[in-house]
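Okay, so here's the structure we're looking at.
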Amino acid sequence: MQAALNSIRSRTSAAPHVGVVLGSGLGAFAEELADRVEIPYAEIPGWPPSTAVGHAGKLAIGKLDSIDVAVMAGRSHLYEGYSQAGVTFGVRVLHRMGVRSIVFTNAAGGINLAYSQGALVLISDHINLQGSNPLIGVNDDSFGPRFPDMTEAYSASYRAIAHEVARELGIELAEGVYAAVTGPSYETPAEIRYLRTIGADLVGMSTVPEVIVANHMGMRVLAISCVTNMAAGVLPQKIVHLEVLETGRRVQNTLMRFLMGVLPRL
Ligand code: HPA
């Protein structure tokens, strides 16, 4: 961790308070930062390289308006074989850099029948079905408590800001509960009916470990899903990863406008 920090600090003296993690097919936002320094993950000691298609795999640090922002373009996933520590490494590094407000984006399957492909949905809460937790093991009390509260894992005040910005920009923004699974196989239609029954509106393979770690460290979290496809069995068609990426790219501009409106207000 210290080696990672040292290597980042040797390339930029910026001290961002705001961080962004970009999901599948949503990486273009990094290009919006002015005066940016881009560091491929492979050049940061200890950083797990992201292997998923559609993930750029670099840390970009630069300015949006007058604020310093750190953007992770691409993340690592449990399905790539990384541990819980691996998939949360980046968030821990961002915290050590001084990031206290963090925005996660991801691609997700739409379970809620009111959604459609391409919709943007604010995550209001999550259900962790990954069978594990990134805080298992000895607790580092300097980060946070052994049993961290998760009643407001997704900051209510940040969600209010997000809705306000979306309204101002004329962007439709729903809100829903995200169920995290490991993947990499997509769900079966029966699994989707089960997820709907237990209260999930969205399903995806990321974000939840990062959100748990961020909350543990006292960061405030905003998270937004792009419904890249309706979940298995909702429509009479199969789920194709390339389409997932394609939908992500299609809504990227809207997501970008949204992020540019939201970040300076966090
Ligand atoms: N299921 C799980 N993860 C996903 C999906 C899905 O349908 N779409 C994008 N990420």
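Remember, it's 1-based here, ligands and their atoms both numbered in the order they're listed. The residues of the chain are indexed from 1 along the displayed sequence. If you're wondering where the values come from, they're calculated on a predicted model, not measured in any experiment.
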Ile198 reachable from Met205 in the ILVMFWY side-chain graph, under 4.5 Å edges: yes

Rounded distance (nearest 0.5 Å) linking atom OG of Ser124 with atom CZ of Arg159: 5.5 Å

Point-to-point distance, once rounded to the nearest 0.5 Å, from CZ of Arg196 to CG of Asn112: 8.0 Å

Proximal candidate to atom 4 (C) of ligand 1 [heavy atom criterion; set Val203, Leu245, Leu195, Ile239]: Val203

Within reach of ligand 1, part of Ala232 (heavy-atom separation under 4.0 Å): neither

Identity and separation of the nearest protein heavy atom to atom 10 (N) of ligand 1: Ala107 O, 3.4 Å

Polar proximity ligand 1 side, Glu187 side, N/O cut 3.5 Å exclusive: yes

Rounded distance (nearest 0.5 Å) linking atom CG of Leu222 with atom OH of Tyr154: 10.5 Å

Ligand 1 contact by Gly204, heavy-atom criterion under 4.0 angstrom: yes

Distance-only donor-acceptor check, side chains Tyr158 and Ser101, under 3.5 Å: yes

Parallel, tilted or perpendicular, as decided by the 30° and 60° cut-offs, for the rings of Tyr41 and Trp47: parallel

Region of Asn106 that comes within reach of ligand 1 [heavy atoms, distance under 4.0 Å]: neither

Protein contact of atom 7 (O) of ligand 1 - nearest heavy atom, named by residue and atom, plus distance: Asn229 ND2, 2.9 Å

Protein residue, atom and distance nearest to atom 5 (C) of ligand 1, heavy-atom basis: Gly109 N, 3.4 Å

Contact check, side chains of His17 and Asp68, non-hydrogen atoms, under 4.5 Å: no

Ligand-residue contact atoms, ligand 1 with Thr228, heavy atoms, under 4.0 Å: 8 (N), 9 (C)

